Amino acid sequence: DAGVIQSPRHEVTEMGQEVTLRCKPISGHNSLFWYRQTMMRGLELLIYFNNNVPIDDSGMPEDRFSAKMPNASFSTLKIQPSEPRDSAVYFCASSSRDRPTDTQYFGPGTRLTVL
Amino acid sequence: DAKTTQPPSMDCAEGRAANLPCNHSTISGNEYVYWYRQIHSQGPQYIIHGLKNNETNEMASLIITEDRKSSTLILPHATLRDTAVYYCIVKGSGAGSYQLTFGKGTKLSVIP
């Protein structure tokens with residue numbers, strides 16, 4: 001089975017540009033998570049969707065960040081406008097909340113560099 | 001969710017068992033112990049999880065003490081590809097317990 005798919009794998013952009021990261025969760029999973037990893041802060045949860053509905057977006061840094069999940073097989077994380085401090089690796093993870101223990105499976109990540 | 005404490009780094013000889021400890025003295029009765037690892041430049045990889053009983057899968061074994069205040073992840077025959085940062089995470093199973101809180105983990109170096 002295919003795991004979580006993320007695109008692009010690498011993104012280099014200039015400050016002020018819009019950046020869109022994409023995620024396809026594992027088929028059949030109904031929960032999706034966006035995480036960000038930096039050297040300073042480690043891995044931190046940005047937003048959590050359950051059944052395509054955002055449940056917890058308290059980790060989203062500021063209004064420049066937005067996330068959508070239009071259907072069960074696709075999600076986007078958008079940064080507009082991007083800033084150099086947004087440079088990080090962004091991971092998407094999915095899980096099945098129907099099970100007693102909902103193990104999260106992570107994608108390979110998108111390495112974002114904002115110049 | 002309960003906090004975990006892990007040693008920052010460990011070395012293990014290739015082919016030997018790697019035993020990675022984790023303390024979680026404030027764990028509550030419905031919280032599970034999860035282990036993930038992150039190989040350089042890759043996403044976190046799920047390894048194993050458990051509640052009370054010891055667990056084993058194709059990757060590793062998880063030994064949880066009877067009082068559940070600590071656990072040990074065992075990689076029975078470490079290879080160079082097991083070099084990674086290993087995270088021990090405690091998480092509940094209820095509807096409100098969805099977040100994985102990653103600490104600094106243990107950096108395991110498998111030495112030839």
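Side-chain atoms are counted along with the backbone in the values below, which use heavy atoms only and exclude waters and symmetry mates. Quick note on labels: first sequence line is chain A, next is B, and so on, each numbered from 1. Remember, it's a predicted structure, so these values are computed and weren't measured experimentally.
Around CD of A:Glu14, the count of heavy atoms belonging to other residues, nucleotides or ligands within 6.0 Å does not exceed 12. For A:Asp63, the CG atom is loosely surrounded, since the number of other residues' heavy atoms within 6.0 Å does not exceed 12.
Shown here are the ring-ring contact (aromatic ring centres under 6.0 Å, His included) partners of A:Phe65, two or more places apart in sequence or in another chain: there are none.
Only the side chain of A:Gln37 comes within contact range of chain B, with heavy atoms under 4.5 Å apart. Residue B:Gln45 does not touch chain A at all, counting heavy-atom pairs closer than 4.5 Å.
Residues A:Trp34 and B:Phe102 are members of separate hydrophobic clusters, defined by side-chain heavy-atom contacts under 4.5 angstrom among Ile, Leu, Val, Met, Phe, Trp and Tyr. No path of Ile, Leu, Val, Met, Phe, Trp and Tyr side chains, each step under 4.5 Å between heavy atoms, connects A:Leu45 with A:Met69, placing them in separate hydrophobic clusters. Cluster membership for B:Tyr34 and A:Leu43, using ILVMFWY side-chain heavy atoms within less than 4.5 angstrom, is shared.
Rounding to the nearest 0.5 Å gives a distance of 4.0 Å between OH of A:Tyr35 and CG of B:Leu100. Interatomic distance, A:Thr103 OG1 to B:Ile48 CD1, rounded to the nearest 0.5 Å: 10.5 Å. The line from CD1 of A:Ile55 to OH of B:Tyr98 is 8.0 Å long, rounded to the nearest 0.5 Å.
Between B:Tyr36 and A:Phe106, the ring-plane angle classifies as perpendicular under the 30° and 60° cut-offs.
Using a 4.5 Å heavy-atom cutoff, the side chains of B:Pro44 and A:Gln104 are not in contact.
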